[in-house]
Amino acid sequence: MPELPEVEVVRLGLLPAVTGARVSAVTVFDERSLRRHDGPAEDFVDRIVGAEFTGAQRRGKFLWLPIRPRRASASGEGTPREALVVHLGMSGQVLLRTREQDDRLTRIRLEIEHPVQGALRLNFVDQRIFGSMAVDALVSDGSIPSQVAHIARDPLDPLFDVALFSRKLTQRKTGIKRAILDQTLISGIGNIYADEALWAARLHYEQPTATLTRQKVSLLLAEVRTVLRKALAEGGTSFDAQYVNVNGASGYFSHSLNVYGQQGKGCPRCGREVKREQFMNRGSHFCPRCQRLR
DNA sequence: CTGACGTCCTGACAGC
DNA sequence: TGCTGTCAGGACGTCA
């Protein structure tokens, strides 16, 4: 369930620890966590051992660590052509640990050596195995992994194209929630923040996208950004800069949710009972008074 | 091309 | 106590 804010918190936590660090060993405990890797586990290990990470980047819910080409590593030059791509799926975590520290449900482990911070360990923990790690080629001038290329820019990206989003959105023949969960249209939004943003914009989750005015689209986009920024700020204040440790409820900032998981309680705006309905094999939480189908 | 939907996946937890 | 059933949903393949 990690969405954009949670993934960004992980990225910010990893950045100082992985930049310039070299991978000394990799252990794959469960090959299912390599579902998105094009090749066997041995190939994954071969490509990653000895690699030096140059940073940590993100688009939507995808996170990746670019790898400096081995031949150029000694001189500190060379543009990355591959990256370690991480998707947390439903329950994934990347836990930054010191050596010897273990975590239950670790599916993949990377031992890394940082020039300043020394020996560290990255435990990829994932209960439901919807997440994955993969080594993937960087495309489009080395700016993005091939398996992330089809993902739209996220609403916090300075290069997010509002006009393009607005046009594609209103051309869709579907409900607004399906649309904002479509990562090829706008990325980074999952079930929780979709419900929160729709509540803030007073939109019913099945409202047809074609009926939305330009103003309403603008309002929704503004609310999406507000919800994501707020969650990011809360996550940013609660995580330890030394060790990434995002997990379950504590990573979810649940104290500030207005409708998600609040079924049976009063709407914070009008007091009407918040409802939960089945939708896309998930739950949709909304206020029947504030969010009417029009 | 687009929209809709089934599938993957397992630990935590409630209830008997 | 120990077992069983239920629940959570991101991404993607497939089908109409």
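Order of the sequence lines sets the chain letters (A, B, ...), proteins ahead of strands, with each chain counted from 1. The basis for the numbers below is simple: all heavy atoms, side chains too, and nothing from hydrogens, waters or symmetry mates.
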Report task. Examine C/dC12: is either OP1 or OP2 under 4.0 Å from a nitrogen or oxygen in the side chain of A/H150? Give yes or no. Result -> yes
Query raised in the report: Is A/R104 near enough to B/dA12 that one of its side-chain N or O atoms lies under 4.0 angstrom from OP1 or OP2?
Result: yes
Query raised in the report: Between A/E3 (side chain) and A/G190 (backbone), is there a donor-acceptor pair under 3.5 Å?
Result: yes
Query raised in the report: How many Å lie between CG on A/L105 and P on C/dA8, as a whole number?
Result: 20 Å
Query raised in the report: Which nucleotide in the list C/dG10, B/dC9, B/dA4 gets nearest to the side chain of A/L181?
Result: C/dG10
Report task. Name the nucleic acid region contacted by A/N281, choosing base, sugar-phosphate or nothing; use a 4.0 angstrom heavy-atom cut-off, strictly under. Result -> base
Query - Rounded distance in Å - CD1 (A/I192) to P (C/dG10) - result: 8 Å
Query - N/O (side chain, A/H87) to phosphate O (OP1/OP2, C/dA11) under 4.0 Å - result: yes
Report task. Could you state the atom-to-atom distance from CD of A/E206 to P of B/dG3 in whole Å? Result -> 14 Å
**Report entry** Phosphate-side-chain proximity, A/Q127 and B/dT10, N/O vs OP1/OP2 below 4.0 Å
**Finding:** no
Report task. Whole angstrom is fine here: how far is it from CZ in A/F279 over to P in B/dG6? Result -> 13 Å
Query raised in the report: A/Y193 versus A/L228: any side-chain heavy-atom pair under 4.5 Å?
Result: yes
Requested in this report: Would you please confirm or rule out a distance under 4.0 Å between OP1 or OP2 of B/dT7 and any side-chain N or O of A/R35?
Outcome: no
Requested in this report: Examine B/dT2: is either OP1 or OP2 under 4.0 Å from a nitrogen or oxygen in the side chain of A/K173? Give yes or no.
Outcome: no
Query raised in the report: With distance as the sole test, does A/Q207 use its side chain to make a donor-acceptor pair with the main-chain N or O of A/K177 at under 3.5 Å?
Result: no
Query raised in the report: Is A/D182 salt-bridged to A/R172, going by a charged N under 4.0 Å from an acidic O?
Result: yes
Query raised in the report: Whole Å only: how far is the NZ atom of A/K168 from the P atom of B/dG3?
Result: 10 Å
Query - Watson-Crick/G-U partner (both atom distances under 3.5 Å) of B/dC16 - result: C/dG2
Query raised in the report: Is the A/F165 ring parallel, tilted or perpendicular to the A/F160 ring (thresholds 30°, 60°)?
Result: tilted
Query - Selected nucleotide, minimal atom distance to A/R178 side chain, candidates B/dA4, C/dA11, C/dA8 - result: B/dA4
Query raised in the report: Are A/E273 and A/K265 within salt-bridge range, i.e. N to O under 4.0 Å?
Result: no
Query raised in the report: Reckon A/G283 touches a base, only the sugar-phosphate, or nothing at all at heavy-atom distances under 4.0 Å?
Result: sugar-phosphate
**Report entry** Atom-pair distance (CG on A/D126; P on C/dA11), nearest Å
**Finding:** 13 Å
Query - Nearest-neighbour nucleotide for the A/T174 side chain, C/dA11, B/dG11, B/dG3 considered - result: B/dG3
Requested in this report: Taking only the side-chain nitrogens and oxygens of A/R32, find out if one of them lies under 4.0 Å from OP1 or OP2 of B/dC8.
Outcome: no
Report summary line: Taken to the nearest whole Å, CZ/A/R282 to C1'/B/dC5 is 10 Å
Report task. Assign A/Y260 to base, sugar-phosphate, or nothing according to its heavy-atom contacts below 4.0 angstrom with the strands shown. Result -> sugar-phosphate
Query raised in the report: Counting only distance, no hydrogens or angles, is the base of C/dA8 paired donor-acceptor with the side chain of A/R128 under 3.5 Å?
Result: yes
Report task. Nearest whole angstrom, please: distance from the P of B/dC1 to the CG of A/D182. Result -> 15 Å
Query raised in the report: When all nucleic acid strands are considered with a 4.0 Å heavy-atom cut-off, which category describes A/L88: base, sugar-phosphate, or nothing?
Result: nothing
